[in-house]
Amino acid sequence: LPYFKKIERFAGTDPTGIYRGRSGPIPVHRHTVENPLFDALFEAAAQAGHEIVDDVNGYRQEGFAPFDSNIENGERYDAARTYIDPIRDRPNLDVVTGALVTRVVFDGTRAIGVELASRRDGRRVVNGAEVILCGGAFNSPQLLQLSGVGNAGELRTLGIDVVHDLPGVGENMQDHLEAFVMYACTQPVSMAGILRKRTYPGTGLKWLTRRTGPAATNHFEAGGFVRSHPDAPMPNQMLTMLPLGVRNDGTPAPTPHSYQINLGPQQPESKGHVKLRTNDPSKAPALTFNYLSTERDRRDWVEGVRITRELLNQPAFAKYNGGELSPGPAAATDKEILDWVARDAETTYHPCGTCKMGTDDDAVVDPETMRVRGVEGLRVVDASVMPTIPNANLYAPVMMIAERAADLILGNEPLAPEHADFYRHVPVS
Ligand SMILES: Cc1cc2nc3c(=O)[nH]c(=O)nc-3n(C[C@H](O)[C@H](O)[C@H](O)COP(=O)(O)OP(=O)(O)OC[C@H]3O[C@@H](n4cnc5c(N)ncnc54)[C@H](O)[C@@H]3O)c2cc1C
């Protein structure tokens with residue numbers, strides 16, 4: 001909690017003063033949820049028996065609420081902007097872009113630098129007292145494997161000299177799968193117009209001149225977290241409302257107006273892996289997700305789709321409800337729903353866990369130091385160190401981990417834990 005609070009400058013209300021940070025580098029604003037479809041969402045949520053909560057990032061995650069974003073004055077604040085831009089002039093900082101790190105250079109089992117390749121400078125080695133990998137859930141395990149840290153047998157097969165046999169590297173990959181439950185909208189209230197090319201110049205102009213309009217929001221302005229079965233200890237489904245029907249690749253719904261819930265179970269058991277296919281660093285590794293490979297994951301999907309339909313068919317949506325476009329009435333039985341999920345679902349872009357921290361035999365990173373186990377001078381700090389996928393989006397947890405890791409690396413006393421109460425579901429029976 002103290003590190004989540006350290007990263008954020010929250011502009012909303014937190015009457016308790018317990019859950020939100022006020023002076024961090026990343027601005028966090030509550031969406032204004034002005035589209036009438038969001039009003040219908042909250043009304044429908046109440047009609048379906050869900051709670052309307054103040055802050056899904058505060059005391060109670062379970063329920064429906066406007067969501068937060070890192071958008072301030074129409075501009076998104078990412079890590080480069082909030083953390084690197086203010087210190088670009090430091091003499092001990094050299095930012096190299098357009099370069100691919102191709103391997104960690106070892107002296108025995110001590111990391112002493114990285115080799116990188118760029119079109120401008122070709123290949124070169126940068127030496128350092130130590131190396132911190134933060135290439136993300138695909139690249140950090142890929143680089144470790146390319147550098148000889150991973151499953152020794154598999155590395156030898158690819159002709160890579162083994163520095164340390166660490167079979168957990170690249171394993172334990174988790175992700176949130178997401179599918180779009182899409183409805184036709186009978187009234188011209190959705191944001192579907194912004195997908196038409198003739199509206200692009202107006203949208204662009206509004207943003208360029210005033211930082212307002214449809215380009216000043218991510219449109220994922222509200223949603224909820226629900227439990228889809230009574231024995232779930234915490235909400236296991238995330239439902240994000242989008243006041244237009246569109247796939248991640250930009251394909252719009254086939255009707256003039258539409259809306260959708262982006263649905264995703266949050267605690268998947270399915271685990272996959274990242275494995276090299278070759279010892280060429282410029283070639284992508286093989287990514288195997290094994291989505292839907294456990295009974296519970298399949299059950300969560302069926303329940304999630306049913307709960308979402310129940311929500312979108314509440315009286316509050318009656319004046320907009322033009323019928324379900326996706327998955328559509330043909331997906332009625334559990335099997336039909338699962339077939340649709342298997343065909344239609346996409347990644348939510350939340351891969352993690354491939355260099356998990358821990359103390360068991362499969363652990364890659366030591367949680368006390370973020371050091372790669374079994375070698376010296378090498379740490380990993382990114383989404384790959386998460387042992388278990390978080391119960392929502394990953395960006396804030398990655399930043400929280402990075403802030404704490406910074407203290408561990410610098411030898412600072414870590415911030416003391418804060419013991420804050422949070423809502424726990426008490427089963428009725
Ligand atoms: C399209 C998309 C939308 C998302 N939306 C959200 C959202 O709305 N909310 C949310 O919470 N999360 C969202 N996420 C997830 C979130 O962005 C990631 O979980 C998070 O950024 C992971 O952080 P990371 O530091 O582990 O890796 P990354 O942010 O991926 O950072 C890794 C960096 O390392 C660089 N890199 C990798 N390999 C090399 C190499 N060999 N040499 C040099 N550089 C290298 C990459 O270019 C990248 O800059 C989204 C992700 C995607 C892809």
Side-chain angles (χ1 to χ4, degrees), residues 4 7-8 26 28-29 31 56-57 67-71 76-84 94-105 113-121 123-126 131-147 173-178 217-223 238 240-242 246-250 262 264 266 274 276 280-285 287 346-357 364-365 370 379-386 389-406:
F4 273 114
I7 63 177
E8 76 172 343
I26 302 183
V28 179
H29 289 263
H31 279 297
V56 290
N57 295 308
F67 283 173
D68 296 336
S69 82
N70 303 140
I71 300 167
R76 185 175 184 178
Y77 282 70
D78 62 12
R81 182 170 183 167
T82 43
Y83 282 85
I84 306 281
D94 190 8
V95 179
V96 181
T97 57
L100 180 75
V101 174
T102 49
R103 81 186 162 96
V104 179
V105 181
V114 293
E115 180 187 75
L116 51 97
S118 70
R119 205 168 280 169
R120 210 185 53 194
D121 300 325
R123 261 174 209 277
R124 64 186 171 110
V125 169
V126 178
V131 174
I132 304 163
L133 299 183
C134 48
F138 302 145
N139 186 257
S140 286
Q142 181 188 9
L143 263 186
L144 286 177
Q145 290 166 354
L146 285 166
S147 314
M173 183 158 71
Q174 296 158 61
D175 189 21
H176 291 139
L177 197 58
E178 177 178 69
T217 167
N218 59 12
H219 300 281
F220 296 114
E221 296 191 352
M238 183 171 173
T240 309
M241 171 93 187
L242 196 57
V246 63
R247 299 189 63 88
N248 282 347
D249 67 1
N262 286 14
Q266 293 300 292
V274 177
L276 295 182
D280 178 350
S282 69
K283 296 280 185 299
L287 309 176
E346 300 185 11
T347 172
T348 318
Y349 308 108
H350 292 171
C352 61
T354 48
C355 300
K356 78 164 186 183
M357 59 174 128
V364 174
V365 168
M370 310 307 284
R379 316 200 205 214
V380 181
V381 182
D382 57 25
S384 70
V385 304
M386 297 176 178
I389 194 161
N391 210 42
N393 294 10
L394 261 57
Y395 179 67
V398 168
M399 302 307 286
M400 174 275 288
I401 288 169
E403 277 285 6
R404 184 174 154 85

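Whatever order the structure lists ligands and atoms in, that order sets their numbers, starting from 1. Predicted model, so just to flag it, every value in this text is computed and none were measured.
Distance remark: protein heavy atom present below 4.0 angstrom from atom 27 (O) of ligand 1. There is no protein heavy atom closer than 4.0 angstrom to atom 46 (C) of ligand 1. Of the protein's heavy atoms, none falls inside 4.0 Å of atom 30 (O) of ligand 1. Less than 4.0 angstrom separates atom 7 (C) of ligand 1 from at least one non-hydrogen atom of the protein. There is a protein heavy atom less than 4.0 angstrom from atom 12 (N) of ligand 1. At least one protein heavy atom sits closer than 4.0 Å to atom 33 (C) of ligand 1. Under the 4.0 Å distance rule, the nearest protein heavy atom to atom 52 (C) of ligand 1 falls inside the cut-off.
Counting the atoms of ligand 1 from 1 in the order shown, those under 4.0 Å from a heavy atom of Ala99 are 42 (N), 43 (C). Atoms of ligand 1 lying under 4.0 Å from any heavy atom of Gly136, numbered from 1 in the order shown and given with element: 26 (O), 27 (O), 32 (C).
Shortest contact from atom 19 (O) of ligand 1 to any protein heavy atom: Leu394 CB, 3.3 Å. For atom 3 (C) of ligand 1, the closest non-hydrogen atom of the protein is Tyr349 CD1, 4.1 Å.
The only member of Gln266, Met238, His176 that meets side chain to side chain contact (heavy atoms under 4.5 Å, CB included) when paired with Asn391 is Gln266.
Contact analysis leaves Pro281 out of contact with ligand 1, as no non-hydrogen atom separation drops below 4.0 angstrom.
With rounding to the nearest 0.5 Å, the separation of SG in Cys355 from CE in Met370 is 10.0 Å.
Closest approach of Leu177 and Thr348 over heavy atoms only: C-OG1, 3.6 Å. Taking both residues in full, the closest heavy atoms of Pro281 and Leu100 are given as O-CD2, 3.9 Å, listed atom of the first, atom of the second, then distance.
The shortest N or O to N or O distance between Val101 and ligand 1 is under 3.5 Å. Ligand 1 has no nitrogen or oxygen under 3.5 angstrom from a nitrogen or oxygen of Arg76.
For atom 35 (C) of ligand 1, the nearest non-hydrogen atom from the set Ala383, Ala117, Ser282, Gly135 comes from Gly135. Summarising the contacts of atom 21 (O) of ligand 1 with Tyr395, Phe138, Phe220, Phe67, the nearest heavy atom is found in Tyr395. Proximity annotation for atom 23 (O) of ligand 1: of Asn393, Val381, Val398, Asn218, Val398 comes nearest, heavy atoms only.
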* To do: In sequence, state the C-alpha distance, the side-chain angles, and the governing distance for Asn218 and Ser69, and then conclude on side-chain hydrogen bond (donor to acceptor under 3.5 Å, both in side chains).
  => CA-CA 8 Å; Asn218 59 12; Ser69 82; 5.1 Å; no
